[in-house]
S.K.: 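Provided herewith is a single structure, encoded as structure tokens, for subsequent inquiry.
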Amino acid sequence: MLTIHNTLTGQKDPFEPLVPGTVRMYVCGVTVYDECHIGHARSALVFDVIRNYFGYIGYAVTFVKNFTDVDDKIINRASQEGRSWLAVVDQYLRAYERDMGRLGIRPADIEPKATEHIPDIIKLIERLLTKGHAYRLNGDVYYQVATYPAYGRLSKRKAEDLLAGARVEVDERKRNPMDFALWKSSKPGEPAWDSPWGPGRPGWHIECSAMSMHHLGETFDIHGGGMDLIFPHHENEIAQSCAATDKEFARYWVHNGFVQINQEKMSKSLGNFFTIREIFEKSEWPEEITGEALRYFLLTTHYRSPLDFSDQGLREAKYALDGFYGLFNRLKETAKTEGPVNEKLTTVIERTRFAFGQAMDDDFNTPAAVAELQGLRSEVNKLLEAGLSTKAREQARQSFRKLGSVMGLFQLEKWRFNVELSDIGVSGLTDVEIESKVKERNEARQRKNFARADAIRTELAEKGITIEDRPDGTTRWKR
RNA sequence: GGCGCCGUACCCAAGUGGCUAAGGGAGCAGUCUGCAAAACUGCGAUGCGGCGGUUCGAACCCGCCCGGCGCCUCCA
């Protein structure tokens, strides 16, 4: 039985979908005004894995992730850089897709943009106005928080607490300081759409209500995002949506924890800010390896816990993956002998599959699930020592791929064993050149000229190439 | 001021009432090897920030304290 920590109830709730066999989930994506950082990567990855896991246990998933493509931050950026807001949106939308692609994060089934849903947004605002939950102020429209008594139920806040801590100057015209904009009138030169209240653009919160309802219905299963969205964004979404429909909005609210640097939240002002792009540019490994290492690293912390990003952590993730891919490569080799342990393999795989499911059923406990995969690696290594048939080796490989696919791991065919130009850049040698050196070294070894053999090995090691001699006299190498 | 989170070995990190406190990385010792590498085997917290309490029994529940962090403003 899958249980999910639900921010709304503050506890782990058993998951029961609204419609049996299907899951409808909506996740707040990004505002496309800048490069994505590791925090965005974590959030996107967490929900990618959740979506995959639902698929793995047999649900038909509809996954919606939005892009906020009209917003103050976009407009400000555009005016600072003296270009159109559309150009800003286009640039960072592409950057997002590039980064997510590198991380192996699949696009959502539907990726709506706020600007594509202006009519839905206007209709929803009109509905709120009609029901008395919103009011007009010149060309603006505000949501009236006082008309929704349950306001604060997601973030567990009381109205008076919010006022006490208010750190912003309050717009004097608002009826209540907590009221928030549904529609903002535009100044000349700003993006604008016609509306019953004059030209303007949607406020931030309303787009998610409109888009999720449009694509998933007025009530759906899961709504997710980063913890910082709990208040005010998701609180406001609930207020708007429930007030408009008189129905429950999302049933399970899932929020991921922050990425920190040295125990502090990343922020531009602290200067401890890492973009996904920088990590890939700085990495000495090929792109797909960096992507998988980052993925592995992020998944070895539970999604709700804070995660401290570090180069060391990333490196350790890479080393752990080296161990897995080293095993996969040995499993690919043809068996010399048929061992007696093939039945044990099936048992071990079954046990792992069960434990893996148990871990993931427990609020998507990816660190525990990864630990099961590590356990399987260790078991298969032992069985391989004792001897596994070619067929059993293939069975083991397929099991890793199947379980790994939930997390987007173990899907690469090659791991540092490829002939790609990027690798040549690192080692300075082509495969053919390496093969030739290895051959020369083995001839030296046969002549017992170990000094020469070791010299070649050292030379290769300096270029990042590791040698493994096998018992049968052949040599395996890897970059 | 309000709300909330975290503190488990050298590092990362599961476990949240009951078998000997998962797993990985690093380290040390050994097997294998010409030597390595990889793999395998063994070693490693009598203790889970501290002090009390509840309980037959607590890292897990309760209280207080210490340390760190987040939200309350745009933010994944």
S.K.: For B/rG47, give its Watson-Crick or G-U wobble partner with both distances under 3.5 Å, or none.
M.R.: none
S.K.: Which atom pairs link the protein and nucleotides 17-23 of chain B when you take only N or O atoms and keep those under 3.5 Å?
M.R.:
from, atom 1, to, atom 2, distance (Å)
B/rG23, O2', A/Gln374, OE1, 2.2

S.K.: Over all strands shown, is A/Gly226 touching base, sugar-phosphate only, or nothing at heavy-atom distances under 4.0 angstrom?
M.R.: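 Contact class for A/Gly226: sugar-phosphate only.
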S.K.: Look through every strand shown and name the nucleotide pairing with B/rC74 as Watson-Crick or G-U wobble, where both distances are under 3.5 Å.
M.R.: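 None - no nucleotide pairs with B/rC74, as no candidate has both distances under 3.5 Å.
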S.K.: Where along nucleotides 37-42 of chain B does protein come under 4.0 Å, by heavy atom, of base (B) or sugar-phosphate alone (S), with - for untouched nucleotides?
M.R.: BSSSS-
S.K.: Counting only distance, no hydrogens or angles, is the base of B/rA76 paired donor-acceptor with the side chain of A/His255 under 3.5 Å?
M.R.: no
S.K.: What pairs of residues pass the salt bridge (charged side-chain N to carboxylate O under 4.0 Å, His left out) test when at least one of them lies in residues 1-12 of chain A, not counting sequence neighbours?
M.R.: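 Listed by first then second residue: A/Lys12-A/Asp362.
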S.K.: Which base sits across from B/rG4 as a Watson-Crick or G-U pair, both distances under 3.5 Å?
M.R.: B/rC69
S.K.: Which nucleotide, in any strand shown, forms a Watson-Crick or G-U wobble pair with B/rA14, with both distances under 3.5 Å?
M.R.: none
S.K.: If only side-chain N and O atoms count, and only distance matters, is there a donor-acceptor pair under 3.5 Å linking A/Tyr142 with A/Arg175?
M.R.: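 Absent: no donor and acceptor within the cut-off.
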S.K.: Are A/Ser305 and B/rC6 close enough that a side-chain N or O sits under 4.0 Å from OP1 or OP2?
M.R.: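 Answer no for this pair, as no side-chain N or O of A/Ser305 is under 4.0 Å from OP1 or OP2.
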S.K.: Can you identify which nucleotide, out of B/rC74, B/rG25, B/rA76, has its nearest atom closest to the A/Lys73 side chain?
M.R.: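 So the nucleotide nearest the side chain must be B/rC74.
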S.K.: So which nucleotide does B/rC28 pair with, by the Watson-Crick or G-U wobble rule with both distances under 3.5 Å?
M.R.: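 B/rG42 is the nucleotide pairing with B/rC28.
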S.K.: Report which part of the nucleic acid A/Gly225 touches: base, sugar-phosphate, or nothing (heavy-atom distance under 4.0 Å, all strands).
M.R.: sugar-phosphate
S.K.: So A/Phe47 and A/Met25, do their side chains get closer than 4.5 Å, heavy atoms only?
M.R.: yes
S.K.: Quick one: look up who B/rC19 pairs with, Watson-Crick or G-U, both distances under 3.5 Å, and put none if it's unpaired.
M.R.: none
S.K.: By the 4.0 Å heavy-atom rule, please label A/Val46 as base, sugar-phosphate, or nothing.
M.R.: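 Nothing, no nucleic acid heavy atom in range.
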S.K.: For A/Gly29, answer base if it contacts any base atom (sugar-phosphate contacts may also be present), sugar-phosphate if it contacts only those atoms, and nothing otherwise; contact means non-hydrogen atoms under 4.0 Å.
M.R.: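 The answer is sugar-phosphate, as A/Gly29 gets under 4.0 Å only of primed atoms, P, OP1 or OP2.
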S.K.: Please determine whether any donor N or O and acceptor N or O are separated by less than 3.5 Å between the side chain of A/Asp454 and the base of B/rG34.
M.R.: yes
S.K.: Spell out yes or no: do the side chain of A/Arg42 and the base of B/rA76 have one donor N/O and one acceptor N/O closer than 3.5 Å?
M.R.: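 For A/Arg42, whose side chain was compared with the base of B/rA76, there is no donor-acceptor pair (under 3.5 Å).
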